[in-house]
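Input: a single structure, listed below in structure tokens.
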Amino acid sequence: MEKVVIVGTGCAGLTAALYTARANLRPLVLTGKQPGGLLTTTSVVENYPGFPEGIDGYELMVRMQKQAERFGARVQFGTLEAVDLSRQPFSLTVDGERVEAETLLIATGASHRHLGLESEEKLENKGVTYCATCDGALPRFRNQPLVVVGGGDSACEEATYLTRFGSAIYLVHRRDKLRASKIMAERTLAHDKIKPVWDSAVTEVLGINQQKVTGVRLKNLKTGAESTLDAAGVFVAIGHIPNTQLFKGMLDMDEHGYIIPKQGTATNVPGVFVAGDCADRVYRQAVTAAGMGCAAAIDAERFLAARNE
Ligand code: NAP
């Protein structure tokens, strides 16, 4: 019987692992399919406090794992396949094996929605990115034309952020009206560096031969006309998908699938706690996820202590 099972090894999961390990709870930490989480897919992380020169995303996650393991966390390469939260202890199926847990800490994160293009996949981290805050300041994007894809608040936020670095920001949206909130949309469209490209879809990211993004091929969805646009970067901001499908019907979620904590990090099921991007559609930063992971660990520790009193 496990006292604490943590699902996910992004910033939230590994911080929760560190804290529960230091509380002598010997957490079992499941990596899921993407050990280290979304940060491992980015290059330099420049906004995690404590690293003035920046740190490679992969290295940061390796360090977090080592730190948690030093205090007794057991990180296991494994994926949670099924879960029964209807009775205590919780019953989990991990790669076909049954695991029983007194508390469950969900830190499964969210995945960036992709355009689904082969060229997009091939040029990921070579100019295609899903996070302007993480990557926008990299030298390759400075004083270069950049493309942001999407029409929601995220796309507007990314485009506005990128105006600090790029020479021009092309906001490519599939309709002729932004989905973003009025204030964000107005602010974005008023910026002289941001040029909207309406009714258009990116059909190909260019630059595979050069091994770096050189532009995009566009299709006007109203006229069918094709064109190309030179750009050094493509920032895809077409939404996130929280990795919470497994818990549907068991835990309270909003209409987008983000788990809604009831109090602190506690969910509607006593003994189940949540942290990081699977429960946060607003901030979605490494450091906020780490903070929630810490809070969830403390909540789980107090839950166990109160039960054993
Ligand atoms: P979103 O609101 O779901 O917007 C996604 C955008 O991407 C939409 O414009 C959508 O087009 C477009 N899109 C979706 N799939 C696409 C595809 N396959 N190809 C091309 N375009 C595609 O997502 P979000 O902007 O990430 O925002 C998510 C939530 O977080 C929202 O509730 C938002 O308000 C909130 N948020 C708030 C802030 C803030 O307040 N500062 C910042 C970021 C996010 P259509 O418009 O045609 O559907």
Side-chain angles (χ1 to χ4, degrees), residues 38 41-42 47 108-121 123-124 128-136 146-164 169-191 194-206 213 215-229 231 233-245 252-261 274 276-289 292:
L38 271 187
T41 67
T42 188
N47 56 7
T108 48
S111 304
H112 295 292
R113 187 175 282 131
H114 290 206
L115 293 166
L117 303 170
E118 205 181 316
S119 51
E120 171 194 20
E121 217 172 287
L123 289 167
E124 189 171 341
V128 172
T129 150
Y130 300 86
C131 176
T133 330
C134 320
D135 298 331
L146 305 171
V147 164
V148 174
V149 190
D153 280 327
S154 293
C156 287
E157 209 166 56
E158 305 252 302
T160 306
Y161 183 76
L162 289 170
T163 57
R164 303 174 199 194
I169 317 298
Y170 296 98
L171 183 60
V172 176
H173 183 35
R174 62 186 178 184
R175 295 184 293 126
D176 63 359
K177 190 174 183 306
L178 294 177
R179 173 178 297 279
S181 53
K182 199 163 180 280
I183 187 162
M184 292 272 273
E186 279 175 4
R187 196 184 305 151
T188 304
L189 296 176
H191 202 291
I194 298 176
K195 302 170 196 314
V197 182
W198 301 119
D199 300 312
S200 295
V202 172
T203 54
E204 187 184 351
V205 184
L206 304 171
V213 169
V216 290
R217 193 181 304 284
L218 298 172
K219 183 176 182 181
N220 185 300
L221 298 170
K222 279 194 175 150
T223 65
E226 289 206 11
S227 60
T228 58
L229 199 57
V234 177
F235 291 77
V236 181
I238 59 173
H240 288 79
I241 305 169
N243 302 321
T244 56
Q245 293 82 349
D252 291 345
M253 294 179 192
D254 70 9
E255 70 273 26
H256 302 285
Y258 291 90
I259 297 170
I260 305 170
V274 69
D277 285 9
C278 64
D280 170 19
R281 52 173 246 195
V282 180
Y283 303 108
R284 297 187 296 218
Q285 300 297 303
V287 67
T288 51
M292 273 178 92

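What you see is a predicted model; the values in this text were computed from it and never measured. Quick note: residue numbers are just sequence positions, from 1. For ligands, and for the atoms within them, numbers begin at 1 and follow the listed sequence.
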Distance-only, no hydrogens or angles: does the [X] side chain make a donor-acceptor pair with backbone N or O of [Y] under 3.5 Å?
X: Thr188; Y: Glu186; value: no
X: Thr203; Y: Arg217; value: yes
X: Thr244; Y: Gly257; value: yes
X: Asp199; Y: Asn220; value: no
X: Arg113; Y: Ile238; value: yes

For [atom], find the nearest protein heavy atom and state the residue, atom name and distance (0.1 Å precision).
atom: atom 27 (O) of ligand 1; value: Ser154 OG, 3.8 Å
atom: atom 2 (O) of ligand 1; value: Arg179 CD, 3.6 Å
atom: atom 23 (O) of ligand 1; value: Gly239 CA, 3.7 Å
atom: atom 9 (O) of ligand 1; value: Gly151 N, 3.0 Å
atom: atom 32 (O) of ligand 1; value: Arg281 NH2, 3.0 Å
atom: atom 21 (N) of ligand 1; value: Ile238 CG2, 3.5 Å
atom: atom 47 (O) of ligand 1; value: Arg175 NE, 2.7 Å
atom: atom 36 (N) of ligand 1; value: Asp153 CB, 3.7 Å

For [X] and ligand 1, does the shortest N/O to N/O distance drop below 3.5 Å?
X: Arg174; value: yes
X: Arg113; value: no
X: Leu115; value: no

Search all heavy atoms of [X] against all heavy atoms of [Y] and return the closest pair with its distance.
X: Asp280; Y: Val282; value: OD1-N, 2.8 Å
X: Gly109; Y: Cys278; value: O-CB, 3.5 Å
X: Ile169; Y: Leu162; value: CD1-O, 3.5 Å

Next on the checklist: More than 12 heavy atoms of other residues, nucleotides or ligands under 6.0 Å from CD of Glu121: yes or no?
Outcome noted: no

Next on the checklist: At less than 4.0 angstrom from any non-hydrogen atom of His173, what atoms of ligand 1 do you find?
Outcome noted: 9 (O), 11 (O), 45 (P), 46 (O), 47 (O)

Checklist entry - Using a heavy-atom cut-off of under 4.0 Å, does the side chain or the backbone of Arg284 touch ligand 1, or both, or neither? => result side chain

Next on the checklist: Side chain, backbone, both or neither: which applies to Glu157 and ligand 1 if a contact is any heavy-atom pair less than 4.0 Å apart?
Outcome noted: side chain

